[in-house]
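Only one structure is covered here, and it is reproduced in the block below.
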Amino acid sequence: MKLVTEENITDLAVERWSTARDPRTREVLTALVRHLHDFAREVRLTEAEWMAAMQWLTATGQISDEKREEFILASDVLGLSMLVVQMNNRLDPSATPATVLGPFHIDGSPELDFGGDMSDGLPGTPLYISGSVTALDGTPVGGAVLDVWQSDADGVYEAQLPEIDEARLRAKYTTRADGSYCLRTIAPKGYAIPMDGPVGDLIGRTEISHFRPAHVHFLLAVDGYAPLITHLFEEGAEFLDSDVVFGTKQELVVAFEEREPGPTPDGGKSDVPWLEARYDFRLQPA
Ligand code: BEZ
Ligand code: FE
């Protein structure tokens, strides 16, 4: 019998987890054991610190529900989400870059027509975002679904408002045969990530800025092309270079240009000043 020592415990645990029947599960779990043990050795983890970590994980699970994704938030602020996005979306340099999904996406948004208003009368400056979806060679992609969501003018998402049970600032738009799309919303605001849970507790012990720059989220899907999860950020927005979840990319920063009352890109008309952003999404083949 091999007795356990501080020196051999890592090998013993790796050996045990290498019995996983699925090869990828074996690879991931044995590497996890090695790295966790190395981490504990490197920082000489105390029992009190280990217990604090277990309690932090428990609290992270306890505060999570179908609208609050505290584990995703933890992964985001640690830079893990964005690392996984980068490794798995090594896109052609001419394709629109991907960024984090974040914890506030809600499935099943209502479908709106070209120029449909997903803000539905909420207070804020009208913002029209229009452009096209194309393949890398510029071929228009018709029938692409743009699933769009954002915070309100106070920086709050529907997912953070428990009393809301109908879609708020989220909708799906489908590109026309020429690849064009147009959506109407209100200007988003930069916001603080939720700070009232275990992630906020950790961030509060650092000098880390807990804000995200103003942005609109997009999830693009259409047959034959790789799905794209991304954002558009407002040019000149505060926190662009300190995004707490490492999500900003230069190619995703667009001007929100001020327009006088008058014709709008959907063929309609605005009676009040409005903002216009233009963006052409370029998708990679599947
Ligand atoms: C978001 O943009 O919705 C988001 C992303 C990561 C963490 C928190 C919020
Ligand atoms: Fe967001």
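Start at 1 and go down the list; that is how both ligands and their atoms are numbered. What you see is a predicted model; the values in this text were computed from it and never measured.
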Would you say Val156 ends up clustered with Val245 if hydrophobic residues are merged whenever their side chains have heavy atoms under 4.5 Å apart, either directly or through other cluster members?
no
Any link between Val100 and Val199 through a network of hydrophobic side chains (Ile, Leu, Val, Met, Phe, Trp, Tyr) touching at under 4.5 Å?
yes
Mode of Phe246 contact toward ligand 1 - side chain, backbone, both, neither (heavy atoms, under 4.0 Å):
neither
Checking contacts here: is it the side chain or the backbone of Leu73 that comes within 4.0 Å of ligand 1, counting heavy atoms only? Could be both or neither.
side chain
Any Ser119 side-chain heavy atom under 4.5 Å of Leu169 side chain
yes
Relative to the heavy atoms of [X], which atoms of ligand 1 are at a distance of less than 4.0 Å?
X: Ile193; answer: 8 (C)
X: Val245; answer: 6 (C), 7 (C)
X: His217; answer: 1 (C), 2 (O), 3 (O)

Check the pair Leu220, Ile229 against side-chain contact (heavy atoms from CB on, under 4.5 Å), reporting the backbone distance first and the verdict last.
CA-CA 6 Å; Leu220 277 75; Ile229 295 172; over 6 Å; no
Could you identify the single nearest non-hydrogen protein atom to [atom] and state the distance to 0.1 Å?
atom: atom 9 (C) of ligand 1; result: Pro103 CD, 3.4 Å
atom: atom 6 (C) of ligand 1; result: Asp76 OD2, 3.0 Å
atom: atom 3 (O) of ligand 1; result: Tyr191 OH, 2.9 Å
atom: atom 5 (C) of ligand 1; result: Gly102 CA, 3.4 Å

Tell me whether His105 reaches ligand 1 (any heavy atom closer than 4.0 angstrom to a ligand atom).
no
Against ligand 1, does Tyr157 come closer than 4.0 Å with any heavy atom?
yes
I need the single residue from Tyr191, Phe211, Phe246 that forms a ring-ring contact (aromatic ring centres under 6.0 Å, His included) with Phe239. Which is it?
Phe211
Can you spot which of Arg170, Met118, His215 makes a side chain to side chain contact (heavy atoms under 4.5 Å, CB included) with Gln150?
Met118
For the pair Arg44 and Glu6, find out whether any cationic side-chain nitrogen is under 4.0 Å from an anionic carboxylate oxygen.
yes
Pair Arg259 + Glu257: basic N to acidic O under 4.0 Å:
yes
If you stand at the Fe ion (ligand 2) and look out to OH of Tyr157 and NE2 of His217, what angle do those two lines make, to 10°?
90°
Angular separation of OH (Tyr191) and NE2 (His215) seen from the Fe ion (ligand 2), to 10°:
90°
Run the side-chain hydrogen bond (donor to acceptor under 3.5 Å, both in side chains) test on Lys249 and Gln86 for me, step by step, so that the C-alpha distance in whole Å, both residues' side-chain angles and the decisive distance to 0.1 Å come before the verdict.
CA-CA 11 Å; Lys249 290 185 174 244; Gln86 314 259 26; 3.0 Å; yes
